[in-house]
Amino acid sequence: MKIDLGKNIAPRDIEARIQKFWDENNFWDNDVNSKQTPFCVMMPPPNVTGNLHMGHALDNVMTDIICRYKRMCGFDVLWQPGTDHASIATQLLVERDLSKRGINPHALSLDEKLNYAWKWKEEKGGQILNQLHVLGVTPVWKRERFTMDDGLSRAVTKLFVKMYREGLIYREKRLVNWCPRQQTSVSDLEVETREEHGKFYYFNYPLADGGFIEIATTRPETLFGDQAIAIHPENEKLKHLIGKKAIIPLTDIEIPIVADVHADPEKGTGAVKITPAHDFDDWEVGVRHNLTPVCILTPDAKLISDAPVPEKYRGMDRYAARKAVVEDITAAGLMTKIEDKIIPTPYSQRGGVPVEPMLTTQWFVDAEKLAAPVIAAVEEGKVQFLPEHRYNLFMSWMKNIRPWTISRQLWWGHHIPAWYDDGGNVYVAETEDEAINQSGGKTLTRDPDVLDTWFSSGLWPFSTLGWPDDTPELKRYYPTDLLYTAADIIFFWVARMMMFGIYVMGDIPIKTLNFHGLVRDAKGQKMSKTKGNGVDPLDTVEKFGADALRYFVSTAPIGTDIRYSDEEVKRGSKLLTKLWNVARFVLGNLESFEPTGDAPAVETRPIEDRWILSELNKTIAEVRKNLDKYDSFNARSAIDTFFYDIFCDQYVEFIKDRFWSPEKYGAESVAAAQWTLWTVLRAIIGLYAPFIPFLTEELWQKIYQPYEGGKTLHLTEYPMVNAEYDTDVSDMQYAIDVIKTVRTLRTERKIGNGAKLETLTVPQNVPTALYGLIKSGARANNIVAGDAVDFVVADAGEK
RNA sequence: GGGUGGUUAGCUCAGUUGGUUAGAGCGUUACGUUGACAUCGUAAAGGUCGUUGGUUCGAGUCCAAUACCACCCA
């Protein structure tokens, strides 16, 4: 055969060509009628407005490695792609875009806004999936779904109604986390606590019958909403005040002093003001003492323009009000002390401002009820966690789960299927007509709110397979096999999928959860937009190629963070070059060879041939074992060791002499080497295929396809252990040791590897059958037996 | 305050059930362009495995305590 690969490798050219080839043939389509075992993976749907970042690259490349492997093992693979509507994130982008065009989004009707957003989504959304293409990943592209498309929206509505009817979704007025910037409720998960430098204010409340009680608070501006002052019932110093009345400073409002264990005698003064409408703990105290929550803040966190707020403070922003209140309390001579203090402050993750506990009416999911069967299923071991310790994290959250606030005061998302009549009665139904029917024909108004984005993503594993319809896909592919995702959405997404999956489908949605770490920058810092230390995967692909990036990403051991640097990606480039060059070497020695007819029996081949085949067998077993455990890191390491250390560094050196001096070895020996090279190179290409799919495809098409047929390497069988390759090759250790010693001696004696050895002495126990390959590996002309390894250099002699 | 993970070579990290001399990549040094490969090869230097104590014939690995780092929850 005569195949010329060309001296230089151009990864981007190869990748562009192969990508086009893959896109034109739907190689990765699943087959719902297949007789093969199904293997199903859900792509965590990226935000439709998003841009590819390293986290996506990690998820998707890792998933792709497993999907390609499974496909090559004969599985019917369904990798379901799609995007998420990302309620808040998208709404913000669209509103910003409108503002830029001089349109006030708040002046538009709901329909106008939605029209605009859909148009915007069609034009600019979804480019992230195109970006994913570049990485060479293999979801079933034609099955792409969007969380707000018709089918998925129908699933959301159906589930909401079902849960409402079964009492698992309810509407209630209670304290929720409120983002004053976006003016919507947010769930507990969307709140992050930041430690801030703040003040702890100590001041006196006058008592109705004379004297004072000193309290301490970090939020003096909420005092207009105070309903009580609490003292611990066993607080010896203060308990004599329980039952008396205090007067809120700057007002003449009287409030009771009550006994409650919430007031820690060790903290502050031991007396705390109770503002049930503006603090979660105070809310509980209020419930215990039957206090009326009085809300003194507007949705944008200004003091209300009404009683009980004194006129002076009405309409003030919460922080301006704090300043004014502190000044006025000080002026009134009531302030006793101001301390510096680190205050844990709850922030709205999306809004970036402190949230306010706000008394509003919202929709909730009774998460506790949904969690119980999840806990049971996980305890039964139905879900595998990788790494295992994530089990505890997941379970402790599940066991302490709280009601999930699912309504959002936004307009982009799934509108809640609830309608109200004039009397405020609620009708929950799949359609407006049905709701009107329920009401007996009244005029109804639809609930203006939308659902938390994670509500629809929680249905993803079955809604994308066709639920609520009873589709063959749903039967065949649910529950899904594997999810590769970041640990930071374990509660947001994974927990919800588990709850909905069991509730709707009666079974867990995913069998194995593989939580990966973060891709950090070279210094170990988290990549973030604000720090500007993020690396665009597409830039990396442009510089080094998608295969190199994939190779880098697969260095992430299960569950651990990895650090990105161009240097690390270059390792991938080096591998590609090495593979290219060794293929050239192999082809250069196969000119007199045609892989037709029968290969010589393995046991008849020289020991080094049998040795490399037996090493190959070990490697294949190791790689398969690890990939079966979804451990691509250790799988790839095993291939690397075989490819670099065993094949390139040793075997290739051992056989060179057979090609250089065929007359000394005979045609059979040369043919054995050729057959062995042919086999081993093919196995290496196959083993690496899931990791570096572009280059391996290119090499396969150029070298092996003409003989094997088929269209793509990636639908050929993954290399398998071959019992015929296991023969006794223990003598090889003699050769390996001798050559290692020769190389060391060369360095000690400052003799380059280029200089041939005239005579090499090897220990007498080295079998003469190894002399040929030792001569080749050590670059020696003659070989004799002696006491220890020694040599004489040709021409110049020893230096 | 509660929890989880980590601490191994100059740097970034492997090290499976305790078992000879603890590995890799990068970096460093030396030599070398040889008929796959200078986007390279060969070799070398470099580690009391955070600390202390324990179990054991034997501990990077198991147990206890402790220090520091990171993350999660409150």
Side-chain angles (χ1 to χ4, degrees), chain A residues 5-11 188-189 191-193 195 280-281 344 346 387-397 399-402 486-488 490-491 515 517-518 520-526 543-545 548 551-552 555-590 622 625-626 629 631 633-634 636-638 640-641 644-645 647-650 652-653 655-657 659-661 677 681 739-756 776-779 799:
Chain A
L5 291 178
K7 188 165 167 61
N8 293 312
I9 173 176
D188 296 338
L189 286 176
V191 175
E192 61 183 21
T193 307
E195 306 228 309
F280 288 99
D281 290 329
E388 274 175 35
H389 65 254
R390 295 292 181 193
Y391 173 96
N392 294 323
L393 179 69
F394 179 85
M395 288 299 256
S396 65
W397 191 77
K399 288 177 177 171
N400 296 298
I401 201 160
R402 289 179 291 176
D488 59 357
I490 197 165
F491 308 134
F515 295 102
L518 299 172
R520 297 172 174 276
D521 73 6
K523 292 175 191 155
Q525 300 285 310
K526 211 166 159 175
K543 268 197 260 182
F544 305 105
Y551 186 84
F552 161 69
T555 59
I558 287 176
T560 60
D561 295 350
I562 50 170
R563 299 189 180 196
Y564 176 91
S565 71
D566 279 359
E567 300 310 310
E568 289 297 316
V569 180
K570 278 182 194 160
R571 286 178 65 184
S573 294
K574 285 171 71 170
L575 171 83
L576 303 182
T577 308
K578 188 89 178 167
L579 187 52
W580 185 259
N581 281 314
V582 87
R584 289 176 57 223
F585 167 82
V586 170
L587 292 172
N589 290 302
L590 293 184
E622 178 76 10
K625 185 187 88 189
N626 283 301
K629 292 192 295 189
D631 184 349
F633 168 76
N634 280 308
R636 209 217 60 201
S637 301
D640 285 347
T641 302
Y644 274 99
D645 300 351
F647 183 68
C648 292
D649 291 359
Q650 301 191 65
V652 164
E653 297 305 321
I655 58 168
K656 279 179 176 172
D657 205 44
F659 291 121
W660 294 342
S661 314
L677 281 178
L681 179 65
I739 286 160
K740 167 112 178 124
T741 310
V742 169
R743 284 173 176 175
T744 309
L745 285 175
R746 276 181 186 268
T747 302
E748 279 173 11
R749 299 177 186 181
K750 297 200 186 298
I751 294 158
N753 290 319
K756 283 225 165 172
S776 181
R779 306 181 75 82
K799 285 180 191 166

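Throughout, a chain's letter reflects where its sequence line sits, starting with A, and its residues are numbered from 1.
OP1 or OP2 of B/G25 has not a single side-chain nitrogen or oxygen of A/Lys574 nearer than 4.0 Å. Contact annotation: A/Lys740 side-chain N/O to B/U42 OP1/OP2 distance is not under 4.0 Å. Using a 4.0 Å cut-off, no side-chain N or O of A/Lys750 falls inside it from OP1 or OP2 of B/A30. Checking the phosphate oxygens (OP1, OP2) of B/C13, no side-chain nitrogen or oxygen of A/Arg520 falls inside 4.0 Å. For B/C13, the OP1/OP2 oxygens have a side-chain nitrogen or oxygen of A/Arg563 closer than 4.0 Å.
Across B/G18 and B/C13, the matching C1' atoms stand 23 Å from one another, rounded to whole Å. Rounded to a whole angstrom, the distance from the P atom of B/A45 to that of B/U29 is 16 Å. On the C1' atoms, B/C63 is 26 Å away from B/U20, given to the nearest whole Å.
In this structure, B/U42 and B/A30 make a Watson-Crick or G-U wobble pair, each of the two defining distances being under 3.5 angstrom.
Side chains of A/Phe544 and A/Asp566 form a contact here, defined as non-hydrogen atoms less than 4.5 Å apart. Here the side chains of A/Phe585 and A/Lys656 are in contact, with some heavy-atom distance below 4.5 Å. Residues A/Leu393 and A/Phe491 have side chains in contact (heavy-atom distance under 4.5 Å, counting atoms from C-beta outward).
Between A/Ser637 and A/Arg390, the one whose closest nucleotide on RNA chain B sits nearer the 5' end is A/Arg390. Toward the 5′ end of RNA chain B lies the nearest nucleotide of A/Phe659, the other residue of the pair A/Phe491 and A/Phe659 mapping further downstream.
The side chain of A/Arg571 lies closest to B/G25 when the candidates are B/G25, B/A43, B/C40.
Below the 3.5 angstrom threshold, one finds a donor paired with an acceptor across the side chain of A/Lys578 and the base of B/C37.
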